[in-house]
Amino acid sequence: MADIDAQIEELTRGVVDFHVRKELEERLREGRPLRVKVGFDPTRPDLHLGHTVVLSKMRQFQDLGHEVIFLVGDFTASIGDPTGKSATRPVPTREEIEEGARTYAAQAYSVLDPAKTSIRYNTEWLGSMRFDDVIRLAGRYTLARMMERDDFKKRYAENRSISLHELLYPLAQGYDSVVLEADVELGGTDQLFNLLVGRELMREHGLRPQIVMTTPLLEGLSAREEGGRIVGDKMSKSLDNYVGVAEAPEEQLGKLMSISDALMWRYYELLSRVPVAEIENRRAACASGAMNPKQAKMSLAKEIVARFHDDAAADAAEAKWEAQFARREIPEDMPEVTLTIEGEGVWLPKALAEAGVLKSSSDGRRRLQQGGLQVDGDKVTDPKAQLAPGKTYVIKAGKRAWVRLTVQAG
RNA sequence: GGAGGGUUGCCCGAGUGGUCAAAGGGAGCAGGCUGUAAACCUGCCGGCUAUGCCUACAGUGGUUCGAACCCACUACCCUCCA
């Protein structure tokens with residue numbers, strides 16, 4: 001096994017919380033593959049880059065010869081993870097959970113090594129517990145300790161509801177660690193409390209407490225810089241500020257190219273496999289003007305696209321992006337829509353709305369007024385512009401929306 | 001069982017009888033500029049061929065010339081007392 005200090009250095013890169021270094025040293029010295037546990041919520045199977053931060057950390061463990069337990073929280077999913085939310089979520093069906101777990105694992109394997117990953121479901125042990133088992137488990141923790149959790153503390157102080165079952169969630173998660181006899185548990189920083197409950201419960205059950213590491217939560221695409229700090233929501237699907245691991249190469253590349261320069265360095269730190277020293281070189285080069293930040297951004301974007309697709313796809317996406325946005329050429333492929341109309345012609349904004357290119361004709365009117373519409377290469381200035389039937393038009397509506405629109409008489 | 005607080009546009013959040021399609025942020029969009037869908041600046045940001053009309057401030061009904069704002073009931077959320 002590799003030098004222990006070197007291992008620890010690599011394993012702690014980018015890590016926020018780390019409990020406890022000495023224990024990790026000890027276990028690494030034992031020279032056996034460690035059991036690294038990470039729990040996942042199968043109700044949200046669409047992985048985005050935010051999830052890959054912890055996945056990458058898991059991969060590092062695998063590359064060093066350790067074993068990863070991919071724990072599907074299928075049972076806890078039906079309790080409802082309280083993290084950050086007070087809204088009660090609908091309980092997913094068995095089929096939804098299984099399907100979610102399958103999709104999740106398939107996507108996770110774009111980062112993880114399948115050969116060193118075992119998938120477990122916590123229904124296996126939680127599903128057969130009786131009520132007295134649950135009470136006994138609950139007896140090992142106190143309300144005061146539970147209320148130490150930031151989320152609970154805050155909600156309680158702000159007069160927001162906390163359901164009782166939410167208090168059981170950390171216990172269930174901790175119990176998973178007891179059953180699995182985890183050596184290490186990883187999670188996002190929002191999981192710190194739950195991970196530490198795991199340590200406590202393991203100790204209670206006469207086991208060596210797991211080592212706990214948390215990875216940062218990745219900011220979403222729209223995060224910006226304010227006073228030298230990155231501010232903005234965490235990456236999430238519901239805020240539509242994410243890059244999905246299953247998205248098309250051009251989408252991924254385009255989204256990544258739209259992040260601010262400040263955010264780019266954050267992404268380098270958390271997502272790139274480029275060595276730390278090299279990242280610092282690039283940062284310095286950009287700061288001094290020796291390197292164009294666009295170049296650094298493209299390099300990062302392509303690295304990520306290639307991870308989920310391949311190098312060829314990344315190159316193709318780059319070529320397309322350069323053509324469309326840097327050189328503002330007409331893309332070779334664009335949606336083709338045929339619209340059937342009555343009468344002599346159709347108002348351009350209305351046509352775009354009906355073709356599904358824009359969300360409403362008001363939206364089209366606005367863009368027209370602002371000079372954002374082009375038909376066959378000419379900017380449209382007439383607010384009443386019509387499209388005559390019997391022709392095909394190439395239309396650009398703003399920066400990104402293109403259509404080849406055929407208008408035919410009805 | 002009782003008392004109180006709340007529900008505003010994609011999100012947060014002002015607004016307590018007319019000047020409110022509703023302040024301010026954020027997100028988003030367009031244009032300019034550029035190194036890009038960065039940054040920055042300007043504008044837009046419910047729908048409708050449109051200097052007007054329609055829909056909208058949880059729902060229903062009411063008071064009023066006029067209501068997001070007042071009243072009643074309903075639904076949902078939260079807190080406190082029991």
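Excluded from the calculations below are hydrogen atoms, water molecules and symmetry mates; all remaining heavy atoms, backbone and side chain alike, are included. The chains referred to below are lettered A, B, ... by the order of the sequence lines, with proteins before strands, and numbering in each begins at 1.
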Exercise. Is there a donor on the side chain of A:Lys350 or the base of B:rU49 sitting less than 3.5 Å from an acceptor on the other?
Worked result: no
Problem set entry | Closest-nucleotide 5' rank along RNA chain B - winner of A:Lys294 and A:Ser361 | A:Lys294
For this session: Write down the distance separating the P atoms in B:rC11 and B:rC20, rounded off to the nearest Å.
Result: 23 Å
For this session: Among the candidates B:rU36, B:rA37, B:rA50, find the nucleotide nearest to the side-chain atoms of A:Phe325.
Result: B:rA37
For this session: Output yes when A:Asp315 and A:Lys302 qualify as a salt bridge under the 4.0 Å nitrogen-oxygen rule, no when they do not.
Result: yes
Seminar exercise, completed: Taking a pair to mean Watson-Crick or G-U wobble geometry with both distances below 3.5 Å, B:rC53 pairs with B:rG47
Exercise. Can you check the A:Lys297 NZ to B:rU34 P distance for me, whole Å?
Worked result: 17 Å
For this session: For B:rA50, take OP1 and OP2 only and decide whether either is under 4.0 Å from a side-chain N or O of A:Arg366.
Result: no
For this session: Using a heavy-atom cut-off of under 4.0 Å over every strand shown, decide if A:Ser362 touches base, sugar-phosphate, or nothing.
Result: base
Problem set entry | Nearest listed nucleotide, side chain of A:Ser222, among B:rU36, B:rA27, B:rA30 | B:rA27
For this session: Please measure how far the P atom in B:rG25 lies from the corresponding atom in B:rU34, and state the result in whole Å.
Result: 28 Å
Exercise. Are the ring of A:Trp347 and the base ring of B:rU49 both nearer than 5.5 Å at their centres and tilted by less than 30°?
Worked result: yes
Problem set entry | Nucleotide B:rU36, atom C1' - distance to CG of A:Leu300 in whole Å | 14 Å
For this session: Considering only atom P, compute the distance from B:rG9 to B:rA14 and round it to an integer number of Å.
Result: 13 Å
Problem set entry | A:Arg224 (side chain) and B:rA39 (base): donor-acceptor pair under 3.5 Å | no
Exercise. Where the side chain of A:Lys359 is concerned, which of B:rG43, B:rG47, B:rG35 is the nearest nucleotide?
Worked result: B:rG47
Exercise. Is any side-chain N of the basic residue among A:Lys294 and A:Glu322 closer than 4.0 Å to the acidic one's carboxylate O?
Worked result: yes
For this session: Identify the nucleotide, in any strand shown, that forms a Watson-Crick or G-U wobble pair with B:rC40, with both distances under 3.5 Å; if there is none, say none.
Result: B:rG32
For this session: Pick base, sugar-phosphate or nothing for A:Ile259, based on heavy-atom distances below 4.0 Å to the nucleic acid.
Result: sugar-phosphate
Problem set entry | Check ion pair A:Arg102-A:Glu99 (N to O, under 4.0 angstrom) | yes
For this session: Identify which nucleotide among B:rU49, B:rG35, B:rC44 has an atom closest to any side-chain atom of A:Asp261, counting heavy atoms from C-beta outward.
Result: B:rG35
Exercise. Does OP1 or OP2 of B:rA37 have a side-chain N or O of A:Arg328 closer than 4.0 Å?
Worked result: yes
Exercise. Relative to the ring of A:Trp321, is the ring of A:Phe325 parallel (under 30°), tilted (30 to 60°) or perpendicular (over 60°)?
Worked result: tilted
Problem set entry | Gap between atoms CZ and P, on A:Arg365 and B:rC48 respectively (whole Å) | 10 Å
Problem set entry | Gap in Å between the two P atoms, one belonging to B:rU8 and one to B:rG13, rounded | 9 Å
Exercise. Partner of B:rA72 by Watson-Crick or G-U wobble geometry, both contacts under 3.5 Å, or none?
Worked result: B:rU60
For this session: Considering only atom C1', compute the distance from B:rA22 to B:rA72 and round it to an integer number of Å.
Result: 26 Å
Exercise. With a non-hydrogen cut-off below 4.0 angstrom, is A:Gly371 in contact with a base, only sugar-phosphate, or nothing?
Worked result: sugar-phosphate
Exercise. Can a donor-acceptor pair under 3.5 Å be found between the side-chain atoms of A:Gln324 and the base atoms of B:rU36?
Worked result: no
Problem set entry | First encountered from the 5' end of RNA chain B, between A:Lys399 and A:Ser360 | A:Lys399
For this session: Using a heavy-atom cut-off of under 4.0 Å over every strand shown, decide if A:Gln386 touches base, sugar-phosphate, or nothing.
Result: base
Seminar exercise, completed: In whole angstroms, the gap separating P of B:rG47 from CZ of A:Arg367 amounts to 12 Å
For this session: Considering only atom C1', compute the distance from B:rC48 to B:rA21 and round it to an integer number of Å.
Result: 14 Å
For this session: Give one of base, sugar-phosphate or nothing for A:Arg327, where a contact means two heavy atoms less than 4.0 Å apart.
Result: nothing
Problem set entry | d(NZ, A:Lys396; C1', B:rG31) in whole Å | 11 Å
Problem set entry | Opposite nucleotide pairing with B:rG18, Watson-Crick or G-U, both atom distances under 3.5 Å | B:rC65
Exercise. With rounding to whole Å, what would you report as the distance between B:rA38 and B:rC45 at their C1' atoms?
Worked result: 22 Å
Exercise. Do A:Leu49 and A:Leu271 have side-chain heavy atoms sitting under 4.5 Å apart?
Worked result: yes
Exercise. At under 4.0 Å, does any side-chain N or O of A:Ser258 touch on OP1 or OP2 of B:rA38?
Worked result: no
For this session: Sticking with atom P, work out how far B:rA23 lies from B:rG43, rounded to a whole angstrom.
Result: 16 Å
Problem set entry | Value in whole Å for how far the P atom of B:rA30 lies from CH2 of A:Trp402 | 13 Å
Exercise. With under 30° as parallel and over 60° as perpendicular, where do the rings of A:Tyr104 and A:His51 fit, or are they tilted in between?
Worked result: perpendicular
Seminar exercise, completed: d(A:Leu24 CG, A:Leu34 CG) to nearest 0.5 Å is 7.0 Å
Exercise. To the side chain of A:Arg400, which of B:rG43, B:rA37, B:rG35 is closest?
Worked result: B:rA37
Exercise. Please give, in whole Å, the distance from B:rA39 P to A:Leu221 CG?
Worked result: 12 Å
Exercise. Atom CE of A:Met298 to atom P of B:rA38: distance rounded to whole Å?
Worked result: 13 Å
Problem set entry | Ion pair check, A:Lys320 and A:Asp333, cut-off under 4.0 Å | yes
For this session: Counting Watson-Crick and G-U wobble pairs only, both distances under 3.5 Å, name the nucleotide matched with B:rG4, or none.
Result: B:rC78
